[in-house]
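Bear in mind the structure is a predicted one, so any value in this text is a computation, not a measurement. In what follows, chains carry the letters A, B, and so on, assigned in the order in which the sequence lines appear, proteins first and then strands, with residues in each chain numbered from 1.
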Number of protein chains: 2
Amino acid sequence: MSSHPAKMQRVVKWYPPAYDIRVETVPIPEIVEPDDAIVKIKLAGLCGSDLHIYRGHEDVDAPLICGHELIGEVVALGSSFHPGATGRPELYSSLKVGDKVVSPFTVSCGECHFCRVGFTCRCIHSTLFGIPTLPGGQAQYARIPKAGGTLFSLTALAQSTAGALEIADSSLLLLADILPTGVFAAVQALQHPKLSPILTGSAYPSIQSLPNRILTLAVVGLGPVGVCAAVGLLHLMEDIRAEKDLVCQVVAIDPNESRRKKMEAIYAKIGGQDKQCCTFVVAAVDEAKELAKSWTGGAGCNAVLEVVGNNSALELAYDLVQPFGIISSVGVHQAPPIPFTGRDVYNKNASFDFGRCPVRAMFPLALEVLIKRQDVFGGIGEDASLIEKIVSFDQAVESYGLFDKGKCGKILFDPWL
Amino acid sequence: MSSHPAKMQRVVKWYPPAYDIRVETVPIPEIVEPDDAIVKIKLAGLCGSDLHIYRGHEDVDAPLICGHELIGEVVALGSSFHPGATGRPELYSSLKVGDKVVSPFTVSCGECHFCRVGFTCRCIHSTLFGIPTLPGGQAQYARIPKAGGTLFSLTALAQSTAGALEIADSSLLLLADILPTGVFAAVQALQHPKLSPILTGSAYPSIQSLPNRILTLAVVGLGPVGVCAAVGLLHLMEDIRAEKDLVCQVVAIDPNESRRKKMEAIYAKIGGQDKQCCTFVVAAVDEAKELAKSWTGGAGCNAVLEVVGNNSALELAYDLVQPFGIISSVGVHQAPPIPFTGRDVYNKNASFDFGRCPVRAMFPLALEVLIKRQDVFGGIGEDASLIEKIVSFDQAVESYGLFDKGKCGKILFDPWL
């Protein structure tokens, strides 16, 4: 069944309790369950949420193969993929050895209640790549459980979406996690019914007409996912903004100056104020608070996208948002209690949407943004590129260290360098 | 300006630190601001959130006139109501001395950003009746600030809504707080985009069709507001349930047996399973947890209406709700921190909508429910009546004590008995 060229592979491993990254040689994974695929990995991402493991914040006490973003080629398939499989997700009958695939960062079967409604990241078989029980993507090969539900076939996609396969692998890899997650943060905010008075011009919950509407939004955190959220938000606002009497203004916030400069370069690259539908200002924390107040007569933002995953980011989002506002939080939060009292949230009529992006369900919209915004997501190492560089596993230890300190942007590993 | 028949009135007062209710004689209020009205009160409600003050949980250290639910007659109006007022909410030109009015439990100007979009309970001039700086409705007279934005004129309503004034004052009083608040709890849940896959049959966030949908909901707390939430939910589900392939099931929960019996009597009165569109089961806490699990194959409820306002109710709601579920919380929460960690809410993709009902905005929908459900909201003291009795201020001390202990249902005061 296996077409592996060798029995051993190089991988990036993490050892407890924290900050211990090693490159090791381990056995290549094999098919275990009938629904498995084995993927030969072309590129693997280093993601902000890898840092939670790295820093020892995830209560993990066993070593693991890191990473949850991967693009590659199918080299082996379990028996479920043999001809004649019926009533299973389409990929069980169409996926072939040799197909090019991206894997979302979590497993989803495509068959349970949660998968069918689109909440794929809460599949009843859900598991995250890069944990002790499921080796991650910073490797030369990975085993993909429930592969007929989990994987995206880029080979199949190329037949239906013109141009999809002209995109570089480094760019397509962003579909594994951070681009859908950023778009999800924006979708969650913009779909919330508490925004509908401003978006539709009809007062809540009835139909009184509202003239001269102003929508004020904030993005908290401009790491790679935050940039995806900001670019995704601007993309989604284009349709919404078609009406003349809706003004949109966005403040994008990070305390880290190099991240702010990256965001500014990206905004300039995509056309700036001339081509974008929103006023868009990049700011440090205090400046952003002042701006949100002055834009809204003291009321605050209609919605805040929280793309960091710690309590100081949540508190900033709460400070920025107005009564009846929405906090769309896709940051990977940890053990500390939510930093609000019952009185806080009651007195602000606060709405919160927390949690992980259902990447599998967000894929079509994320792909649309990826294709349109190749000026941002296509390049490597330019001022306005999201991706900073592609490195070998030999630079894994250094890369984790730099990323942990906010001293580099999005880094990808080529396991074959 | 004043047509008061006397200079003094009887009121129900609360004294700090807690559990100290006294009936006293104090001066009748007078017009202070041009936008004020003085209302002669016919009936005043005792509400679950009065108990937060009663128990000393609101950090209040000065005596106050209690209550925030009132119906009555306008006996004096400030100069803003004189003929010729333009550009103000309609009631500034149409409200007259002698008009019958209900006041929402908070002041709203009708002119600020929040009022215009419908978030009236967060008006920039918002203030609650029954606090040291704004005397409440358990009195013979009350001063209503921003009365042109705040009050509902039932006199004006009678001209546009057939039957509205045939409803008893005791029933119309429910529009001040608890009926709109209950309906708001249901609206917040049903409008949330995370329910849309089940309600519309289109997978999130795209348009894949979903057959055989099942919507499972819970109502936590069956005090008077919880009953309003349950009845409001059944009302709203009738329209939604028109499609054949949507099954709806609701579990309504309270640890208090007399409250469960009241809810069961009300459900039987409104037609039970034969006439209602949902399977509806009233249950104690443990039984409800089992039921929600067995109904959903272990997944949990799609949405939970939390109508209590303490952490044990929030924790129960969180236990009951499924991943990607919604907690619509209208309970008046206090000083304790929200009882969830960041990891809890991330790992469940939980959505929360907290806070106070914008009564002024919910009024049309609440009135629709009130008119339709006179079998529940019209009677007094029957098994299936929401309102238990109307008493004089002489029974105020006893009534607060019984209500505090969960030993009575909804009580109204007639200040003239």
* Engaged part of A/Ile327 at the chain B interface, taking heavy atoms whose separation is under 4.5 Å -> neither
* To do: Considering only heavy atoms and a distance below 4.5 Å, find which of A/Asp344, A/Ile214, A/Val345, A/Leu314 pairs most often with chain B.
  => A/Val345
* Asked: Using 4.0 Å as the upper bound for N to carboxylate O, is an ion pair formed by B/Arg88 and B/Glu111?
  -> yes
* Structure fact -> When the 4.5 angstrom heavy-atom criterion is applied to B/Ile124 and chain A, the contacting part is neither
* **chain B contact via A/Pro323 - which portion, at a heavy-atom distance below 4.5 Å** => both
* Please confirm whether A/His68 and A/Phe129 have ring centers closer than 6.0 angstrom. => no
* Structure fact -> Okay, A/His52 and chain B: the region with an atom under 4.5 Å from a heavy atom over there is neither
* Hey, which of B/Arg122, B/Lys348, B/His333 has the most heavy atom pairs under 4.5 Å with chain A? -> B/Arg122
* Side chain proximity check, A/Ile326 to A/Phe352, heavy atoms < 4.5 angstrom -> no
* Less than 6.0 Å separating the ring centroids of A/Phe324 and B/Phe119? -> yes
* To do: Determine, for A/Asp50 against A/Arg55, whether the closest basic-nitrogen to carboxylate-oxygen distance falls under 4.0 angstrom.
  => no
